[in-house]
Amino acid sequence: MKKVERVSLVESVGTQLREEITEGRWAVGERIPSETELVGQLGVSRASVREAVRGLVHAGLLATRQGDGTYVTARDATDVAIRRRLGAAEHGDVVEVRRGLDIVAAGLAASRRTKADISALNRALAARAAAGEAGDEAAFVTNDVEFHLCVARASHNPVLIELYTSFARALTESVRDDQCLQVFSSGGDTWHEALAAAIEAGDTTTAAAASLSLLESTT
């Protein structure tokens, strides 16, 4: 990292640290350099580094673990704000917004999917089915969410993908709370396969309809 000019030290340090995060040089889940290392890299005082880090912790991009260091928890402050809002929202309100995103994502995915997208969808679907047959709820939920994220990624719309990724935690809770594993085990879940098939076939109308039916069958 380049040396920081003495203009507004804390803001400058905060900006540089934020860039390390948003540009992916420090990945989510990774421990950032120690305070001493940052002081040496940036050429500023320990107090400036400490205050800048504190600001990013408050913004939700970093989290300090006592005796272990400071870790990246998110790449984007907007994503943090959305997740916090979703965490405080009523379940029904989240479902209504998700319904809109799902329909748009399904339609776009059907019109823009690539071979790689189809492979990712089918892998997630197969892993979800295997977990369901084994009765492994944790793996089932993880792969169910991954399937929906794959649909969003197949839209190739970066804004939609970011929004849907922000929904991942709420979606995880929804899959668990709606007892989707029990629905799968009873044989009543055919909509995930129908959605994947419609996307692979490039059928935007059927994909959107399958996405809506999937939501209505679990809410």
Side-chain angles (χ1 to χ4, degrees), residues 22-24 27-29 74-76 78-80 82-83 86 93-134 136-181 183-219:
T22 58
E23 294 179 13
V28 173
R75 286 186 59 181
D76 185 83
T78 302
D79 175 61
V80 174
I82 291 174
R83 285 194 278 112
L86 289 173
D93 294 335
V94 174
V95 170
E96 287 177 354
V97 174
R98 185 191 154 198
R99 180 178 287 114
L101 289 177
D102 275 8
I103 293 172
V104 172
L108 290 176
S111 65
R112 299 175 179 176
R113 79 280 182 268
T114 64
K115 289 183 179 179
D117 294 327
I118 296 302
S119 295
L121 273 171
N122 288 332
R123 282 196 303 272
L125 199 60
R128 176 182 182 274
E133 290 165 3
D136 186 340
E137 183 176 30
F140 181 85
V141 170
T142 295
N143 287 293
D144 190 296
V145 172
E146 178 60 21
F147 172 81
H148 290 287
L149 287 171
C150 284
V151 173
R153 293 180 194 124
S155 74
H156 295 277
N157 181 314
V159 176
L160 179 61
I161 294 169
E162 287 180 16
L163 284 172
Y164 211 94
T165 301
S166 298
F167 265 73
R169 183 176 299 177
L171 179 57
T172 298
E173 294 173 359
S174 176
V175 172
R176 187 181 298 112
D177 294 345
D178 292 336
Q179 300 182 324
C180 293
L181 176 57
V183 175
F184 172 87
S185 299
S186 70
D189 179 6
T190 60
W191 295 111
H192 285 79
E193 288 78 5
L195 175 56
I199 291 173
E200 184 168 6
D203 188 336
T204 58
T205 301
T206 300
S211 179
L212 181 58
S213 296
L214 190 161
L215 263 179
E216 291 178 342
S217 71
T218 58
T219 55

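Counting only residues at least two apart or in different chains, side chain to side chain donor-acceptor pair (under 3.5 Å) contacts with residues 120-134 comprise Arg128-Asp144, Arg128-Asp189, Arg128-His192.
Listed by chain and residue number, Ala131, Asp136, Asn143 satisfy the side-chain contact (heavy atoms from CB on, under 4.5 Å) test with Ala139 (two or more places apart in sequence, or in another chain). Scored by the side-chain contact (heavy atoms from CB on, under 4.5 Å) test, Ala207 finds Ala106, Ala110, Leu195, Ala198, Ile199 as partners (sequence neighbours excluded).
Remark: the backbone N or O of Asp102 is paired with a side-chain donor or acceptor of Ser211 at under 3.5 angstrom.
Taking CZ of Arg153 as the reference point, atom OG1 of Thr114 lies at 12.5 Å (rounded to 0.5 Å). The CD atom of Glu137 sits 10.0 Å away from the OG1 atom of Thr142 when rounded to the nearest 0.5 Å. Note: Leu125 CG to Glu146 CD = 12.0 Å, rounded to the nearest 0.5 Å. One distance of note links CG of Asn157 with CD of Glu162; it measures 9.5 Å at 0.5 Å rounding.
The two residues Cys150 and Ala124 make their nearest non-hydrogen contact at SG-CB, 4.4 Å. The minimum heavy-atom distance linking Ile118 with Glu200 is given by the pair CD1-CA, 3.4 Å. Of all non-hydrogen atoms in Ala109 and Val151, the two that sit nearest each other are CB-O, 3.5 Å. Nearest heavy-atom pair, Ala208 versus Ile103, reported as atom, atom and distance to 0.1 Å: CB-CG2, 3.9 Å.
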Assess the residue pair Ile161 and Thr165 against the criterion (side-chain contact (heavy atoms from CB on, under 4.5 Å)); give the C-alpha distance rounded to whole Å, side-chain angles, the decisive distance to 0.1 Å, and a yes or no.
CA-CA 6 Å; Ile161 294 169; Thr165 301; 4.1 Å; yes
Steps toward side-chain contact (heavy atoms from CB on, under 4.5 Å) verdict (Leu108, His156)
CA-CA 8 Å; Leu108 290 176; His156 295 277; over 6 Å; no
